[in-house]
2 protein chains.
Amino acid sequence: MKSYGQFCPLALASEIIGERWTPLVLRELMFGAARFNAIQRGVPRMSPTLLAQRLRMLQAAGIIERRRGEHSATEYGLTPAGAELAPVIEGLAVWGKSWLPASLSATEADPDLIMWDLHRRLDLDRMPPGRTVIRFGFSDQPPPKRYRWIVRAAEGVQLCISDPGFEVDLFVETDSRTITWVWYGDISLKKALAEGAITLDGPRRLRATFPSWLLLSPLAAVPRNLPPTAR
Amino acid sequence: MKSYGQFCPLALASEIIGERWTPLVLRELMFGAARFNAIQRGVPRMSPTLLAQRLRMLQAAGIIERRRGEHSATEYGLTPAGAELAPVIEGLAVWGKSWLPASLSATEADPDLIMWDLHRRLDLDRMPPGRTVIRFGFSDQPPPKRYRWIVRAAEGVQLCISDPGFEVDLFVETDSRTITWVWYGDISLKKALAEGAITLDGPRRLRATFPSWLLLSPLAAVPRNLPPTAR
DNA sequence: CGGTATCCCCCGCGATACTG
DNA sequence: CAGTATCGCGGGGGATACCG
């Protein structure tokens, strides 16, 4: 991005934060994504070339750092400067939820976006111990995105794009718009279940505790000043 | 700007705030600039076409509103949504001051940028009553920008690009880099005066009270985590 | 004063393919 | 897994002139 030619700290900051995709990349890092491919799953429409470019830029600006993680894999993490940016990004997100009209178009209702966020926010302590496999079905989606699996095991939680082969413990059936509205707090999970917009199939205990370990977006509690439209 | 295709409130907010020049335009509005030309003086390198376009966009997004002011002049102001954006913008500015390297190139040391900010932050109550004319001289600037005048009168404060004709009460002689560093708090005004980087010529009383009514940037008090370079 | 109209350039970005 | 390489285009925005 071309410089503003101003010494003003806001101008300098905007040259970095104002670049396309950068706030969303930072969001992924702030949610704990460390690996290139993990970051990319949060911004799937960003080309790898551009993501690499942004990561280099953020590193040069002292906002993130590259590390060698386990198995000498490349990992990215926030520097102290980057960490102090988190409240600003969060403030922007809260403002967006408060004040921007929320209409949900088809492309914005990509269930993978929600599933990616959702699977790393599960409250593992409230889930049953041992391996748990949950299959999410999205009735409005064509075959390639029709089903997603969350596998919770001792190693951690994984989101699978294709059938992992394990026996499914809980079947969740919904559609991409419902899961999106629920995730962002525009419909309560309770209401979605009551209305049948989300249905559960599996052991009674798992069904009953479902709302306790399926955590919603951190923004779910932020009220909207404009009512959501286009449900 | 092309949509991110995400429903995430951060993505939606970034589509607006992330557009080129938009944060700086908002900054002007937050500092109280209401008229088109007043806004433009804070972002002089932005073309009028683009400014008009951004103002329209911000209005459509519900962030600013157009009003008819005195003499049916067009005025812009923040809506409640816009007002709630102020802390976010301010947070970004504070972060920039804290963490971004501050090197001052020639184009960034435009004294007009500082004078425009500075003239609307004068503490009028601490200035002598009645008309006061101050001429700022920038020793490093070629003729068209060599001098600027601030005229404080009953009607308010005005920044003049050419000699307004009144007798000058106080002559301030400095250079564009010094005034910029001082404005942003990287050199104390006291030190700049002591070192002769700023010299005053005028009545003793006006000289003595100068540091009390020449207020600095709101960011002046924010410490830098990286030391400023290229003084 | 408060903007439009117009033109054109350039480069940011998207898409796709490929590699150590 | 973690990125490069390459190409082509679209349109954002810079510059300048002009208008009500």
Side-chain angles (χ1 to χ4, degrees), chain A residues 1-6 11 14-25 28-29 33-60 64-77 107 110 116 158-161, chain B residues 1-6 11 14-25 28-29 33-60 64-77 107 110 116 158-161:
Chain A
M1 182 183 282
K2 206 180 153 190
S3 161
Y4 287 120
Q6 294 195 190
S14 297
E15 286 175 16
I16 294 175
I17 307 307
E19 285 212 301
R20 186 161 168 78
W21 291 110
T22 301
L24 302 190
V25 170
E28 292 307 305
L29 288 158
R35 313 276 282 266
F36 189 92
N37 289 305
I39 298 167
Q40 211 180 12
R41 293 193 71 166
V43 282
R45 302 165 68 106
M46 186 182 189
S47 82
T49 308
L50 195 51
L51 175 55
Q53 193 177 308
R54 287 290 182 276
L55 289 171
R56 248 179 279 124
M57 184 272 286
L58 287 170
Q59 188 187 8
I64 67 174
E65 56 185 2
R66 290 179 61 140
R67 288 186 301 254
R68 288 281 152 191
E70 295 176 32
H71 315 300
S72 77
T74 309
E75 293 188 349
Y76 297 90
T107 68
D110 183 346
W116 180 248
Q158 262 206 306
L159 175 63
C160 301
I161 286 184
Chain B
M1 182 183 282
K2 206 182 153 189
S3 161
Y4 286 120
Q6 295 195 190
S14 297
E15 285 174 17
I16 294 174
I17 307 306
E19 286 211 302
R20 188 162 166 77
W21 291 111
T22 300
L24 302 189
V25 171
E28 291 308 305
L29 288 158
R35 313 276 281 263
F36 189 91
N37 290 303
I39 297 167
Q40 209 179 15
R41 294 194 70 165
V43 282
R45 302 165 67 109
M46 186 182 189
S47 82
T49 308
L50 195 51
L51 175 55
Q53 192 177 308
R54 286 291 181 275
L55 290 171
R56 249 180 279 124
M57 184 271 288
L58 287 169
Q59 188 186 8
I64 67 174
E65 56 184 4
R66 291 180 61 141
R67 290 186 299 255
R68 289 280 152 193
E70 295 176 32
H71 316 300
S72 77
T74 309
E75 292 189 352
Y76 296 91
T107 65
D110 184 345
W116 180 249
Q158 262 208 305
L159 174 63
C160 302
I161 287 185

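Fair warning: this is a prediction, and the values are worked out from it, not measured in the lab. Chain A is the first sequence line, chain B the second, and so forth, proteins listed ahead of strands; every chain is numbered from 1.
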Whole-Å distance, B/I64 CD1 to C/dG2 P, equals 14 Å

Terminal helix-axis angle for the helix from C/dC1-D/dG20 to C/dG20-D/dC1, with five pairs defining each axis and rounding to 10 degrees:
60°

Less than 4.5 Å apart, side chain to side chain, heavy atoms only: is that true for B/E75 and B/R68?
no

Can you see if the side chain of A/Y76 gets near the phosphate of D/dC1 - specifically, an N or O under 4.0 Å from OP1 or OP2?
no

Atom-pair distance (CZ on A/R67; C1' on D/dC1), nearest Å:
17 Å

From B/I161 CD1 over to B/Q158 CD, what is the distance, rounded to the nearest 0.5 angstrom?
11.0 Å

Can you tell me the distance, in whole Å, between the CZ atom of B/R35 and the P atom of C/dG2?
4 Å

Less than 3.5 Å apart, which donor and acceptor atoms pair up between the side chains of residues 41-53 of chain A and the rest of the protein, not counting sequence neighbours?
| residue | atom | partner | partner atom | Å |
| --- | --- | --- | --- | --- |
| A/S47 | OG | A/L50 | N | 3.2 |

Side chain to side chain, B/Y76 and B/E28, heavy atoms closer than 4.5 Å
no

For nucleotides 4-18 of chain C, 5' to 3', base contacts (B), sugar-phosphate-only contacts (S) and non-contacts (-) with protein non-hydrogen atoms under 4.0 Å give BB-------SSBB--

May I have all residue pairs that pass salt bridge (Lys or Arg N to Asp or Glu O under 4.0 Å) and include part of residues 47-56 of chain A, sequence neighbours excluded?
A/E19-A/R54

Would you kindly give the CD-to-C1' distance between B/Q40 and C/dG2, to the nearest whole Å?
9 Å

Partners meeting side chain to side chain contact (heavy atoms under 4.5 Å, CB included) with B/E65 (sequence neighbours left out)
B/R67, B/T79

Straight-line distance of B/L55 CG to B/T74 OG1, nearest 0.5 Å
10.5 Å

Looking at residues at least two apart in the chain, or sitting in another chain, which of them share a side-chain hydrogen bond (donor to acceptor under 3.5 Å, both in side chains) with A/Q6?
none

CG of A/L55 versus P of D/dA2: gap in Å, rounded?
11 Å

